[in-house]
S.K.: 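This structure is in structure tokens; I'll ask about it shortly.
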Amino acid sequence: MKLHFFATLASLLIAVAAVGANHVYVKSRCNLRCDGYFPQISADGKKVISATTDAKCLYIYDLETQKRELVSDVGSPGFEAIFGNDGKVYYVAMSIDKNHIIRRSGRVFDPATGENREVLPEQHGAVHAINGTAGTAVVGEQKEWNVRNAGTFAWALGSQLYVYRNGKKQVFSPVNVQTGYLWVDVSPDGKKVLFQVPAVGLFVCDAATGRVLQKLNRCLMPQWYNNDLIVAQGTGRWGYHIIIFRADGTGDIQSLANGESVMPSVSGNNVIYTTKGGSVKLLTLETPEERDVRLEQERIEAERIAKEKAEEAARAEAEKQAAEADNNQ
């Protein structure tokens with residue numbers, strides 16, 4: 001009986017320790033010199049896009065050369081701009097026709113060549129540039145571009161969730177509400193979709209069936225960090241924090257940055273965000289498993305260097321003694 005009691009107690013202690021443990025560690029923090037809003041960082045971590053407060057101007061900033069270049073100042077391009085995995089910038093431009101109807105088009109800017117071209121013609125209604133599991137698509141209520149090559153991705157119109165899997169579209173309504181869905185994002189493995197229902201909460205559903213897997217607390221601008229963790233801007237007591245938490249609802253909420261921190265965006269191990277004053281900041285994260293691997297590699301490398309230095313010192317001492325022996329003969 002005592003053995004059973006202590007075994008149960010040990011299991012509970014392990015579970016408590018796991019819940020309270022960090023989801024990730026902040027490997028580095030960096031204040032960037034590319035002030036702005038709606039920041040995004042490229043997959044290679046070398047370039048950043050950001051916009052003015054009103055999103056009327058979109059800029060790209062090279063972190064190596066520290067040079068800033070205008071992508072566009074036509075059609076409020078800053079609201080829907082993203083980096084594709086190909087390093088190009090995809091964004092939505094708006095215009096108003098003679099009948100005062102807003103039309104939106106999809107465009108792409110290539111930093112390597114400076115080419116800026118239209119990929120989705122103007123149309124009335126919503127238009128979004130979206131990164132899928134295999135590429136980037138631009139979708140609208142009437143026309144679409146590159147959906148067959150983008151893998152799995154999703155977007156919402158009202159309370160309808162559109163999930164594309166290799167060009168095939170399925171329509172789901174996982175949560176019956178009038179307010180609609182916001183901030184739709186597909187997990188890196190393409191199996192789960194998250195979306196926010198205003199004033200209700202964050203939901204995670206199955207990408208293949210639309211079945212709700214989890215309801216979580218409300219947050220702002222959520223994105224998948226990996227297949228298990230979600231990064232977001234907090235609400236309530238976590239307001240103006242950049243937070244990370246588990247998609248299955250277990251564990252605690254972990255704060256990554258606090259004090260005026262807003263508009264997070266995820267790319268690989270990088271989380272970029274801005275402050276309410278427009279200062280762009282960059283976090284590089286690592287999971288506990290990645291941290292353990294890195295520390296072990298650093299330990300092995302430190303031992304290798306120490307061994308080489310010891311061997312070099314021993315050779316030098318041997319040469320010194322040999323030289324002294326020769327001089328004494």
S.K.: Does atom CG of N99 have more than 12 heavy-atom neighbours, drawn from other residues, nucleotides or ligands, at distances under 6.0 Å?
M.R.: yes
S.K.: Side-chain contact test, heavy atoms from C-beta onward, threshold under 4.5 Å: evaluate it for F83 versus D44 and give yes or no.
M.R.: no
S.K.: Measuring from T179:OG1 to Q196:CD, what's the distance to the nearest 0.5 Å?
M.R.: 9.5 Å
S.K.: Taking it one step at a time, do V175 and F195 satisfy side-chain contact (heavy atoms from CB on, under 4.5 Å)?
M.R.: CA-CA 10 Å; V175 183; F195 59 93; 3.9 Å; yes
S.K.: Which atom pairs, donor and acceptor, lie under 3.5 Å between side-chain atoms of residues 233-243 and protein residues at least two apart or in another chain?
M.R.:
{"residue": "Q233", "atom": "OE1", "partner": "M263", "partner atom": "N", "Å": "3.3"}
{"residue": "T235", "atom": "OG1", "partner": "R218", "partner atom": "O", "Å": "3.0"}
{"residue": "H241", "atom": "ND1", "partner": "S255", "partner atom": "OG", "Å": "2.8"}

S.K.: I need the minimum non-hydrogen distance between Q40 and S265, along with the two atoms involved.
M.R.: OE1-OG, 3.2 Å
S.K.: With distance as the sole test, does T52 use its side chain to make a donor-acceptor pair with the main-chain N or O of C57 at under 3.5 Å?
M.R.: yes
S.K.: Give a yes or no on whether L120 and V92 share a hydrophobic cluster (residues Ile, Leu, Val, Met, Phe, Trp, Tyr; joining criterion: side-chain heavy atoms under 4.5 Å apart).
M.R.: yes
S.K.: Should the heavy atoms of other residues, nucleotides or ligands under 6.0 Å from CZ of R148 be counted, would the total exceed 12?
M.R.: no
S.K.: Nearest heavy-atom pair of C34 and S50: which atoms, and what distance?
M.R.: O-OG, 3.6 Å
S.K.: Would you say Y181's side chain and W155's backbone share a donor-acceptor pair under 3.5 angstrom?
M.R.: no
S.K.: What closest approach, in Å, do Y225 and G268 show between heavy atoms, and which atom pair accounts for it?
M.R.: CE1-O, 3.6 Å
S.K.: Do V108 and T136 touch side chain to side chain, with heavy atoms closer than 4.5 Å?
M.R.: no
S.K.: Quick check: does any side chain N or O of S159 sit under 3.5 Å from a backbone N or O of V177, one acting as donor and the other as acceptor?
M.R.: yes
S.K.: Once you round to the nearest 0.5 Å, how far does CG of L283 lie from CD1 of I272?
M.R.: 9.5 Å
S.K.: Let me confirm one number: the NZ-OG distance from K276 to S261, rounded to the nearest 0.5 Å.
M.R.: 11.0 Å
S.K.: Using 0.5 Å steps for rounding, measure from the CZ atom of R117 to the CG atom of D110.
M.R.: 8.5 Å
S.K.: Of the non-hydrogen atoms in P174 and G210, which two are nearest, and what is the gap between them?
M.R.: CB-O, 3.5 Å
S.K.: Where do V119 and N146 land on the side-chain contact (heavy atoms from CB on, under 4.5 Å) test, with the steps shown first?
M.R.: CA-CA 9 Å; V119 294; N146 203 43; over 6 Å; no
S.K.: Nearest 0.5 Å please: distance from the CD atom of E141 over to the CG atom of L157.
M.R.: 4.5 Å
S.K.: Name the residue from L202, I253, D248 that meets the side chain to side chain contact (heavy atoms under 4.5 Å, CB included) definition with L216.
M.R.: L202
S.K.: What pair of heavy atoms forms the shortest contact from T152 to G190, and how long is it?
M.R.: CG2-O, 3.7 Å
S.K.: With a 4.5 Å heavy-atom cut-off, do I82 and E80 have their side chains touching?
M.R.: no
S.K.: Do S72 and Y91 have side-chain heavy atoms sitting under 4.5 Å apart?
M.R.: yes
S.K.: Evaluate the side-chain proximity of V24 to L256: yes if any heavy-atom separation is below 4.5 Å, no if none is.
M.R.: yes
S.K.: Hydrophobic clustering (ILVMFWY, side-chain heavy atoms < 4.5 Å, transitive) - are Y164 and V171 grouped together?
M.R.: yes
S.K.: Verify, without hydrogens or angle tests, whether T284 (side chain) and S28 (backbone) share a donor-acceptor contact under 3.5 angstrom.
M.R.: no
S.K.: Can you tell which of V139, N131, V163 makes a side chain to side chain contact (heavy atoms under 4.5 Å, CB included) with F153?
M.R.: V139
S.K.: If every non-hydrogen atom of T274 is compared with every non-hydrogen atom of G36, which pair is closest and at what distance?
M.R.: OG1-O, 2.8 Å
S.K.: Is there a donor-acceptor contact under 3.5 Å from the side chain of Q123 to the main chain of K143?
M.R.: yes
S.K.: At what distance, to the nearest 0.5 angstrom, does CG of D97 lie from CZ of R103?
M.R.: 5.0 Å
S.K.: Is E308 paired with R304 through a side-chain N to carboxylate O contact shorter than 4.0 Å?
M.R.: yes
S.K.: Between E319 and R315, does any NZ, NE, NH1 or NH2 come within less than 4.0 Å of an OD or OE carboxylate oxygen?
M.R.: no
S.K.: Could you tell me whether the side chain of F38 reaches within less than 4.5 Å of the side chain of I49, counting heavy atoms only?
M.R.: no
S.K.: State plainly whether one hydrophobic cluster holds both L32 and Y61, where clusters connect Ile, Leu, Val, Met, Phe, Trp and Tyr through side-chain heavy atoms under 4.5 angstrom apart.
M.R.: yes
S.K.: Mind running salt bridge (Lys or Arg N to Asp or Glu O under 4.0 Å) on R294 and E298 for me, showing each step along the way?
M.R.: CA-CA 6 Å; R294 177 177 61 82; E298 291 177 355; 2.9 Å; yes
S.K.: Which is it for L285 and V26 under the side-chain contact (heavy atoms from CB on, under 4.5 Å) test, yes or no, and what are the steps along the way?
M.R.: CA-CA 5 Å; L285 309 180; V26 178; 3.8 Å; yes
S.K.: Looking only at side chains, do Q142 and H124 share a donor and an acceptor under 3.5 Å apart?
M.R.: no
S.K.: If we ignore angles and hydrogens, is there a donor and acceptor under 3.5 Å between the side chains of E317 and Q321?
M.R.: yes
S.K.: Check whether T287 reaches the backbone of E290 with its side chain - one donor and one acceptor, N or O, closer than 3.5 Å.
M.R.: yes
S.K.: Under the side-chain contact (heavy atoms from CB on, under 4.5 Å) rule, what do K215 and F203 come out as? Steps first, then yes or no, please.
M.R.: CA-CA 5 Å; K215 179 187 175 184; F203 291 84; 3.6 Å; yes
S.K.: Please report the C-alpha distance between E303 and K307 in whole Å, then the side-chain angles of each, then the deciding distance to 0.1 Å, and finally whether the salt bridge (Lys or Arg N to Asp or Glu O under 4.0 Å) criterion is met.
M.R.: CA-CA 6 Å; E303 288 181 352; K307 181 179 179 181; over 6 Å; no
S.K.: Are V212 and L161 linked, directly or through other ILVMFWY residues, by side chains that come within less than 4.5 angstrom of each other?
M.R.: yes
S.K.: Main chain of K46, side chain of E64: is a donor-acceptor contact present, judged purely on distance under 3.5 Å?
M.R.: no
S.K.: Strictly distance-based, threshold 3.5 Å: is any side-chain N or O of W224 a donor or acceptor partner for the main-chain N or O of P188?
M.R.: no
S.K.: Got a donor-acceptor contact below 3.5 angstrom from the K192 side chain to the N227 backbone?
M.R.: yes
S.K.: Is it the case that one hydrophobic cluster holds both Y273 and V231, taking links as side-chain heavy atoms less than 4.5 Å apart, direct or via other members?
M.R.: yes
S.K.: Could you tell me if D35 and S279 have a donor-acceptor pair between their side chains, going purely by distance under 3.5 Å?
M.R.: no
S.K.: Report yes or no: does N116 contribute a side-chain atom to a donor-acceptor pair with the main-chain N or O of V71 at less than 3.5 Å?
M.R.: yes
S.K.: Surrounding CG of N217 (heavy atoms of other residues, nucleotides or ligands, distance under 6.0 Å), is the total greater than 12?
M.R.: no
